[in-house]
Amino acid sequence: MKTILRKKSINMNENNEIFLCAICNIESGTCNEDCKFCTQSVKYKAEIQRYKQKEIEQIVEEAKRARANNANGFCLVTAGKGLTPKRLEYVCEAARAIKKEKLGLILIACNGIASVEQLQALKDAGVDAYNHNLETARDFYETICTTHPWDDRYQTCLNVKEVGLRLVTGGIFGMGETQEQRISMLESLASLDPMNVPLNFFHPNAALPIVENTITREEAFELITLARKMIPNAKKIMVAGGREVMFGDEQYKIFEKGANAFVIGDYLTTAGKTPADDIAELEKHGYKIKRERD
């Protein structure tokens, strides 16, 4: 007998509460990897701001501004394959400086491939969560990156769980992958049982080898729903990079499809909507901002 599935909203926000997260690009455009989706790579010479290390004082000010803009999480992002000793100490210094301010932010580090020992050092410095995305399916990864293997990414996620940090891991859609490969990535994410799953949608840049986003808006909405169904234990299904470009004037429909979090403010190398505009739109659509302290 054929089962008839009725379409219905799967909005997981019982109280219409949305988590907001802000990104702080503390080291920009210095990466030597060849990820074809990333403007941070020096190989593609994208016209972005490039700098070695942002001043600690500026990072702290951005954290304060993020909290004032109702952000719940604050993510310290560096460019590069992983954590060198110098980069590790720098991120730890930034983490300690932010925690000293007692802002109540959930502090996230996003610094590439990392060992158990490095992750423990970040945890000891006050980092609450670690973000390392799988990016895509294992069997598609060599198509978009040849300078390090997908397995290193998966192992880093296992390392995060081993030290007891909250795991944040997701990926990017629209890079030429098949639907089967999208499902494969979601299956891999589900196997890691992450707390937060950031879903990114490829934002084309003329300098990159990938020239266009290969999914439609409707497909993107369906992928959010699929992520929620396949990773039901995730506390947050977050729509991150590419939100405005992918969804346009329908971007707040993501919450009807299963998302309950998004990035507020600017992204790593592209501008987002102003926090004030996003907050006004959330209120207009009847959503509340979730308050969760570190």
Side-chain angles (χ1 to χ4, degrees), residues 5-23 37 72-73 75 108 131-137 140 157 167-204 212-265 267-268 270 272-273 278 281-282 284-290:
L5 296 176
R6 295 181 180 178
K7 287 187 176 181
K8 64 177 182 177
S9 169
I10 63 162
N11 190 338
M12 301 297 290
N13 313 311
E14 295 180 359
N15 299 311
N16 279 348
E17 292 183 327
I18 307 301
F19 293 87
L20 304 181
C21 183
I23 293 174
F37 57 85
N72 193 61
C75 188
I108 309 153
N131 178 196
H132 194 54
N133 294 337
L134 297 183
E135 303 301 14
T136 192
F140 186 69
C157 293
L167 176 60
V168 180
T169 184
I172 307 174
F173 296 118
M175 299 184 291
E177 73 283 348
T178 65
Q179 180 67 5
E180 290 74 19
Q181 287 165 333
R182 295 166 191 160
I183 292 170
S184 175
M185 180 188 76
L186 292 173
E187 288 173 341
S188 295
L189 292 172
S191 73
L192 290 164
D193 195 25
M195 181 169 287
N196 184 0
V197 180
L199 303 179
N200 300 277
F201 298 90
F202 180 63
H203 188 156
E212 63 179 352
N213 186 318
T214 57
I215 60 173
T216 66
R217 183 177 296 181
E218 187 57 37
E219 287 173 327
F221 279 135
E222 290 173 356
L223 286 166
I224 295 171
T225 300
L226 189 59
R228 171 56 73 189
K229 289 179 177 178
M230 291 181 65
I231 318 172
N233 293 334
K235 191 169 185 178
K236 305 179 187 73
I237 298 293
M238 173 181 288
V239 175
R243 168 167 58 99
E244 293 87 351
V245 173
M246 186 77 252
F247 300 105
D249 59 0
E250 294 185 298
Q251 60 192 274
Y252 300 98
K253 286 186 178 180
I254 61 175
F255 306 121
E256 300 172 15
K257 307 299 182 179
N260 63 342
F262 70 59
V263 172
I264 192 168
Y267 302 95
L268 290 178
T270 57
K273 296 182 70 171
D278 263 332
E281 286 294 333
L282 286 176
K284 176 181 174 182
H285 286 80
Y287 293 105
K288 304 172 185 176
I289 296 170
K290 176 69 175 179

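Along the sequence shown, residues carry numbers from 1.
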The test is side chain to side chain contact (heavy atoms under 4.5 Å, CB included); show your working for Val239 and Phe247 and say whether it passes.
CA-CA 10 Å; Val239 175; Phe247 300 105; 4.1 Å; yes
Taken in chain and number order and not counting sequence neighbours, the residues that satisfy side chain to side chain donor-acceptor pair (under 3.5 Å) with Ser191 are Tyr154
If we ignore angles and hydrogens, is there a donor and acceptor under 3.5 Å between the side chains of Asp278 and Tyr252?
yes
Does Thr216 offer a backbone N or O that forms a donor-acceptor pair with the side chain of Glu219 under 3.5 Å?
yes
Worked verdict on Met230 versus Ile183 for side chain to side chain contact (heavy atoms under 4.5 Å, CB included)
CA-CA 9 Å; Met230 291 181 65; Ile183 292 170; 4.1 Å; yes
Looking only at heavy atoms, which two atoms of Cys157 and His132 are closest? And how far apart?
SG-O, 3.3 Å
N/O donor-acceptor pair under 3.5 Å between Asn72 side chain and Ile289 backbone
no
Any chance you could measure His203, atom NE2, to Arg243, atom CZ, to the nearest 0.5 Å?
13.0 Å
From Ile224 atom CD1 to Met246 atom CE, the distance as rounded to the nearest 0.5 Å
9.5 Å
Using a 4.5 Å cut-off on heavy atoms from C-beta on, say whether the side chain of Leu226 contacts that of Leu186.
yes
Which pair of non-hydrogen atoms, one from Thr169 and one from Pro194, has the smallest distance, and what is that distance?
CG2-CB, 3.7 Å
First locate atom CD1 of Ile254, then atom CD1 of Ile18, and finally report the distance between them rounded to the nearest 0.5 Å.
7.5 Å
So do Glu17 and Asn260 actually touch side chain to side chain, heavy atoms under 4.5 Å?
no
Ala234 versus Val197, closest heavy-atom pair with distance
CB-CG2, 3.9 Å
Could you tell me whether the side chain of Leu282 reaches within less than 4.5 Å of the side chain of Leu20, counting heavy atoms only?
yes
Heavy atoms of Gly286 and Asn16 approach each other most closely as O-ND2, 3.5 Å
Can you tell me how far apart CZ (Phe262) and NZ (Lys236) are? Round to the nearest 0.5 Å.
14.0 Å
Contacts of Asn133 meeting side chain to side chain donor-acceptor pair (under 3.5 Å) (sequence neighbours excluded), chain-then-number -> Asn131
Got a sec, which pairs hit salt bridge (Lys or Arg N to Asp or Glu O under 4.0 Å) with one end in residues 180-195, sequence neighbours left out?
Glu177-Arg182
Partners of Glu222 by salt bridge (Lys or Arg N to Asp or Glu O under 4.0 Å), sequence neighbours excluded?
none
Taking every heavy atom of Asn200 against every heavy atom of Gly241, the minimum-distance pair comes out as OD1-N, 2.8 Å
Kindly compute the distance separating NZ (Lys290) from NZ (Lys235), expressed to the nearest 0.5 Å.
6.5 Å
Those residues at least two apart in sequence (or on a different chain) that pass side chain to side chain donor-acceptor pair (under 3.5 Å) with Glu135 are none
How close do Phe221 and Lys257 get, heavy atom to heavy atom, and via which atoms?
CD2-CG, 3.6 Å
Pairs where residues 168-194 contributes a residue and the test ring pair (Phe, Tyr, Trp, His ring centres under 6.0 Å) is met, not counting sequence neighbours:
Phe173-Phe201
Give, for atom CD1 of Ile215 and atom CG of Leu223, the distance between the pair rounded to the nearest 0.5 Å.
5.5 Å
